[in-house]
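Protein chains get the first letters and strands the later ones, always in sequence-line order, with residue 1 at the start of each.
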There are 2 protein chains.
Amino acid sequence: MLKEKASIIPHECGDCPIRHRAVCARCEADELEVLDQIKYYRSYESGQTLIWSGDHMDFVGSVVSGIATLTQTMEDGRTQMVGLLLPSDFVGRPGRNSAAYDVVAVTDMVMCCFRKKPFEEMMARTPHIAQRLLEMTLDELDAAREWMLVLGRKTAREKIASLMAIIARRDATLNMNGTRGPLVFDLPLTREAMADYLGLTLETVSRQVSALKKDGVIELEGKRRVTVPDFNRLLEEAGDDSDGGMLI
Amino acid sequence: MLKEKASIIPHECGDCPIRHRAVCARCEADELEVLDQIKYYRSYESGQTLIWSGDHMDFVGSVVSGIATLTQTMEDGRTQMVGLLLPSDFVGRPGRNSAAYDVVAVTDMVMCCFRKKPFEEMMARTPHIAQRLLEMTLDELDAAREWMLVLGRKTAREKIASLMAIIARRDATLNMNGTRGPLVFDLPLTREAMADYLGLTLETVSRQVSALKKDGVIELEGKRRVTVPDFNRLLEEAGDDSDGGMLI
DNA sequence: GACCCGCATTGATTTAAATCAACCAACCCT
DNA sequence: AGGGTTGGTTGATTTAAATCAATGCGGGTC
């Protein structure tokens, strides 16, 4: 494996890369100082399961770097991804102490964690945290509902196009790329993980990716690097209005 | 139609039927008094569209009685229900002023509304409201994610069983029925609305309902009244663990 | 009573995606 | 260089659900 040991840089909150997007985004300097006291970093390797569904959870936290998936599994092994955790996303639910989903790292990750008890107390005293968490949760709810439309009503090809569009958009906002010109990004997921996200089999994913490539909607360099020459074309293929998406 | 005019009873918050479950659940007497000042009731008829996706929203509110659906529609008409609004559920999103979904009454309804501006101001001053709203939103997010598994991975029969289980459970908690003995409830949805919830066609819904009836999982009296002789059997058919569900 | 109308059921046929099954290509590891 | 492993592609076949198409039924109205 020869993985270089993930460099765990215990940041000052002040120069944290997710400072402006995470649950602490609204905090004032004095509030940050308190968080600084109780936070600690953990790092995980690609493939590692951070949390098992049903586990007792004694911490909550934010993704600092890397990507994880949130999945649900039925007894017979069918699995459905119900969320993708990206830098700044929040993990855990205040007021509940067992995990509802499996959380699995798909890349090496660093998390900024808080023991649940102190965090909950802090939240009760700090409206800025609760406000930001509400806002983030509402956004996640919207994302989940958008995904319900994908899962319930879209064809396999539309599902793949929708996933590409979401990743492309997310990537563009994270890296502050403009939306002019072709978009290039790396798929963070294996074909199997894509299948679990989309409610498909991995064979169908593979076929539809090939089909989109053949039709010139996307270009592939290796299996993971994707170029989207025309984002509106991709949105059309996803079955979305070719305008609504560009906000924020 | 000859509908008797829905009796709009402007309540005191004190004896409101959803007092203990809605967004105001945590409010103290003095806070309730303020809400009392700014609230107003609206009633809607079955079939009426309360809100169109994209509409400007100048109010938020709680469902007092009746049921509504939250749906998303694609340009070509495919629709997916993304939520079911029951008494005490909250409508609208503070901090956003256009609606993301269509909201349609499936029965006659009464809503307790607040103009958005005053409500947002009140929320900023009243942590009890924000706290409760966060809790409710987290619950909705869990429900949406559970539904993602249903949509993405379950068979048509399992989908129908899952829907029956959800309605049965919800009905049992609303009416404080114990869970012993057979459950009886009315389906609030037409076959088409069920199809929109489940990502199926109405024909498939009809067939699978008939199949569950033939196999003795459910009994039907007319098209809407359902009896579940053995709830655990229903949960098995839904592909759920036959235990996890009975909480709260 | 006869006629709709909106909802629901049931049957015949088609089709999109799942399943079953080879095979490929990187990459790693001795 | 050889063999294993992981992730991906591609093809043949099956199947669950969609689609196309009648038909049923209860409740209101003329």
Side-chain angles (χ1 to χ4, degrees), chain A residues 1-4 45-47 69 74 76-80 104 106-107 150-163 186-214 218 220-226 237 239, chain B residues 1-4 45-47 74 76-80 104 106-107 150-163 186-215 218 220-226 237 239:
Chain A
M1 261 296 172
L2 258 191
K3 264 187 212 312
E4 63 191 300
E45 295 194 354
S46 171
T69 61
M74 296 170 66
D76 63 6
R78 281 177 283 177
T79 78
Q80 175 65 50
V104 181
V106 296
T107 66
V150 172
L151 290 172
R153 291 300 183 193
K154 291 194 178 179
T155 65
R157 165 183 269 245
E158 289 170 334
K159 285 178 173 182
I160 299 289
S162 299
L163 179 60
D186 283 311
L187 289 174
L189 304 174
T190 65
R191 298 290 187 263
E192 186 177 21
M194 291 171 65
D196 284 344
Y197 205 174
L198 296 166
L200 297 171
T201 58
L202 68 90
E203 293 96 326
T204 298
V205 170
S206 186
R207 276 184 248 274
Q208 297 298 335
V209 170
S210 298
L212 287 176
K213 176 175 148 193
K214 183 166 67 64
I218 59 173
L220 281 180
E221 191 186 322
K223 289 144 194 328
R224 294 298 193 89
R225 169 139 303 201
V226 178
E237 291 288 353
Chain B
M1 261 294 172
L2 259 190
K3 264 185 210 314
E4 61 191 300
E45 294 195 355
S46 172
M74 296 170 68
D76 62 6
R78 282 176 282 177
T79 78
Q80 175 65 49
V104 182
V106 296
T107 66
V150 172
L151 290 172
R153 291 301 185 193
K154 291 194 178 180
T155 64
R157 167 184 269 243
E158 288 170 335
K159 285 178 173 182
I160 300 288
S162 298
L163 180 61
D186 282 313
L187 289 174
L189 303 175
T190 65
R191 296 291 186 262
E192 186 176 22
M194 290 171 67
D196 283 344
Y197 205 175
L198 297 167
L200 297 171
T201 59
L202 69 89
E203 293 96 326
T204 299
V205 170
S206 186
R207 276 184 248 275
Q208 296 299 335
V209 169
S210 298
L212 287 176
K213 176 174 147 193
K214 184 166 68 63
D215 297 345
I218 58 173
L220 282 180
E221 193 186 321
K223 288 146 196 324
R224 295 300 193 87
R225 169 139 303 201
V226 178
E237 291 288 354

Are B:Asp186 and B:Arg225 close enough, and set up right, to give a salt bridge (charged side-chain N to carboxylate O under 4.0 Å, His left out), and what steps lead you there?
-> CA-CA 4 Å; B:Asp186 282 313; B:Arg225 169 139 303 201; 2.6 Å; yes
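- Applying the side-chain hydrogen bond (donor to acceptor under 3.5 Å, both in side chains) criterion to B:Thr155, with sequence neighbours excluded, gives B:Glu158.
- Residues passing the side-chain contact (heavy atoms from CB on, under 4.5 Å) test with B:Lys213, sequence neighbours excluded: B:Ile218, B:Leu220.
- Scanning residues 151-163 of chain A for heavy-atom distances under 4.0 Å to DNA chain C yields A:Thr155, A:Ala156.
- At least one side-chain heavy atom of A:Lys154 sits less than 4.5 Å from a side-chain heavy atom of B:Met74.
- Across all strands shown, A:Gly222 has no heavy atoms under 4.0 Å from either base or sugar-phosphate atoms.
- Across the protein-nucleic acid pair, B:Leu198 atom CG and D:dA17 atom P stand 12 Å apart, rounded to whole Å.
- For B:Thr107, the side-chain contact (heavy atoms from CB on, under 4.5 Å) partners are B:Ile67, B:Met109, not counting sequence neighbours.
- Side-chain atoms of B:Val150 and A:Gln80, non-hydrogen and from C-beta on, never get closer than 4.5 Å to each other.
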Reading nucleotides 5-10 of chain D from 5' to 3' and marking B where a protein heavy atom lies under 4.0 Å of the base, S where only the sugar-phosphate is that close, and - otherwise, the string is ---SBB
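- Distance CG (A:Leu200) to C1' (C:dA18): 10 Å, rounded to an integer number of Å.
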Where do B:Arg224 and B:Thr190 land on the side-chain contact (heavy atoms from CB on, under 4.5 Å) test, with the steps shown first?
-> CA-CA 8 Å; B:Arg224 295 300 193 87; B:Thr190 65; 3.4 Å; yes
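- A straight line from CG of B:Leu187 to P of C:dC7 spans 15 Å, rounded to a whole angstrom.
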Going by atom type alone, with no hydrogens or angles, which donor-acceptor pairs under 3.5 Å involve a side-chain atom of residues 192-203 of chain B and a protein atom two or more places apart or on another chain?
unit_1: B:Asp196; atom_1: OD1; unit_2: A:Arg153; atom_2: NH2; d: 3.2
unit_1: B:Asp196; atom_1: OD1; unit_2: B:Thr79; atom_2: OG1; d: 3.2
unit_1: B:Asp196; atom_1: OD2; unit_2: B:Thr79; atom_2: OG1; d: 3.0
unit_1: B:Thr201; atom_1: OG1; unit_2: B:Thr204; atom_2: N; d: 3.3
unit_1: B:Thr201; atom_1: OG1; unit_2: B:Thr204; atom_2: OG1; d: 3.0

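- A:Gly199 comes within contact range of the sugar-phosphate backbone alone, with a heavy-atom separation under 4.0 Å but no base atom that close.
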